[in-house]
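Basis for what follows: all heavy atoms, side chains included, without hydrogens, waters or symmetry-related copies.
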Amino acid sequence: MEAMRPVPRTLLRDRAYEAIRDAIVSGEIEPGAVVRDAEFAERLGLSRAPVREAFARLVDEGLLESKPQSYTKVTPVVAADVRDAAAVVGAMHELVTRVAVPRLFAADVEAMRAANERFAAAVRAGDVESALRADDQLHDVLVRVSGNRAAAATAARYTPLIRRLERRRFSEGGNCRSAGLHDRLLDACAAGDVDEAVRVTAEIWRGLAELADSD
């Protein structure tokens, strides 16, 4: 029998990071809540070391704040931070859209259409998690086709700051006009109209920045 290989430390750190990040973004761990590495290590079935590494990454990304030898807690949702994040993430999506549109196959556009149908259905049903997941799936097609890993990593880093506010707006019964914007984006992608696709992408992310201004 082949010897069992130990799980790489980096995977444990990533597992802790993703679990804690998702709990913060979903609101399961509320803004201002104090988090403790021992508690999360027990909940996740991990040692404290990967949890501490996850905390450090989340501090760097703005979801946690830490005072050495005192506390680590979830940051509040700050409009200026969301607005800045939306500007950065929007710029990355404009970049990947410009590169990806000429490379799209019909199957890629169909995958985006299917994701938008799921998105619209989830919005109508008030299903926050499914709506945001479908939204990610739609835009991820363009990210994948562009092949720009730096843009993908930058967007992934700052999107959670935006998602916290989006989730709150959804849960408060806020309206979402992204399905219509997605339709325009899809039409531009299907037609190979790069400039229009980039314009619509900019409008989508500008709307998220305005969401922060109205908070």
Side-chain angles (χ1 to χ4, degrees), residues 25 61-62 79-215:
V25 172
E61 295 180 0
D81 292 342
V82 176
R83 188 169 54 249
D84 290 346
V88 171
V89 174
M92 295 301 99
H93 279 283
E94 288 178 51
L95 172 62
V96 300
T97 297
R98 186 172 296 282
V99 174
V101 169
R103 302 178 179 177
L104 290 171
F105 290 104
D108 296 318
V109 177
E110 286 308 307
M112 294 172 69
R113 288 196 190 282
N116 196 36
E117 289 172 4
R118 293 192 298 273
F119 175 83
V123 170
R124 288 193 298 269
D127 186 342
V128 178
E129 296 302 321
S130 294
L132 294 178
R133 183 165 57 249
D135 183 68
D136 283 339
Q137 289 166 348
L138 186 154
H139 292 286
D140 284 349
V141 173
L142 294 168
V143 174
R144 173 180 57 76
V145 172
S146 78
N148 191 322
R149 291 190 296 176
T154 302
R157 172 173 178 170
Y158 292 104
T159 295
L161 290 172
I162 306 167
R163 286 301 192 224
R164 285 207 291 174
L165 181 56
E166 284 188 282
R167 275 183 165 84
R168 194 167 77 189
R169 280 287 185 258
F170 268 119
S171 65
E172 292 170 351
N175 293 323
C176 181
R177 59 192 180 94
S178 290
L181 288 172
H182 287 165
D183 286 336
R184 288 173 50 199
L185 175 61
L186 286 163
D187 289 343
C189 288
D193 189 339
V194 175
D195 290 339
E196 175 63 8
V198 172
R199 277 193 295 270
V200 177
T201 298
E203 189 173 346
I204 290 170
W205 292 96
R206 186 163 59 247
L208 289 174
E210 291 169 357
L211 189 69
D213 290 332
S214 66
D215 190 45

How long is the span from the CD atom in Q137 to the CE atom in M112, to the nearest 0.5 Å? 12.0 Å
Tell me if a side-chain donor or acceptor on R118 pairs with a main-chain N or O of S130 at a distance below 3.5 Å. no
Student check: side-chain heavy atoms of R98 and D195 closer than 4.5 Å: yes
Once rounded to the nearest 0.5 Å, what's the spacing between atom CG of L142 and atom CZ of R103? 12.0 Å
Give me the ring orientation class for W205 and H93: parallel if the planes are under 30° apart, tilted from 30 to 60°, perpendicular past 60°. parallel
R167 side chain near E129 side chain, heavy-atom distance below 4.5 Å: yes
Any chance you could lay out the side chain to side chain contact (heavy atoms under 4.5 Å, CB included) test for C189 and V141, step after step, and finish with the verdict? CA-CA 11 Å; C189 288; V141 173; over 6 Å; no
Charged N to carboxylate O under 4.0 angstrom, R163 versus D135? yes
May I ask you to test the N148-L95 pair for a side-chain heavy-atom distance under 4.5 Å? yes
Under the side chain to side chain contact (heavy atoms under 4.5 Å, CB included) rule, what do N116 and L185 come out as? Steps first, then yes or no, please. CA-CA 10 Å; N116 196 36; L185 175 61; over 6 Å; no
State whether the side chain of D108 and the backbone N or O of F105 hold a donor-acceptor pair below 3.5 Å, judged by distance alone. yes
Strictly below 4.0 Å, N to O, side chains only: are D81 and R164 in salt-bridge contact? no
Looking only at heavy atoms, which two atoms of V96 and A151 are closest? And how far apart? CG1-CB, 3.7 Å
Would you name the heavy atoms of V89 and A155 that are closest together and state the gap between them? CG2-O, 3.9 Å
Point-to-point distance, once rounded to the nearest 0.5 Å, from CG of L161 to CD of E166: 11.5 Å
Heavy-atom check, side chain of D187 versus side chain of V200, under 4.5 Å: no
Search all heavy atoms of A134 against all heavy atoms of F119 and return the closest pair with its distance. CB-N, 3.5 Å
Quick check: do M92 and V143 have side-chain heavy atoms less than 4.5 Å from each other? no
Determine the minimum heavy-atom distance between S146 and A100, stating which atoms define it. N-CB, 3.9 Å
Does a donor on one side chain and an acceptor on the other come within less than 3.5 Å for R157 and T154? no
Please tell me if the side chains of D193 and V101 come closer than 4.5 Å, counting only heavy atoms from C-beta onward. no
Return the minimal non-hydrogen interatomic distance between A197 and A188, and the atom names on each side. N-CB, 3.6 Å
Flag side-chain contact, heavy atom, 4.5 Å: I204 against H182: yes
Nearest 0.5 Å please: distance from the CZ atom of R133 over to the CG atom of L138. 14.5 Å
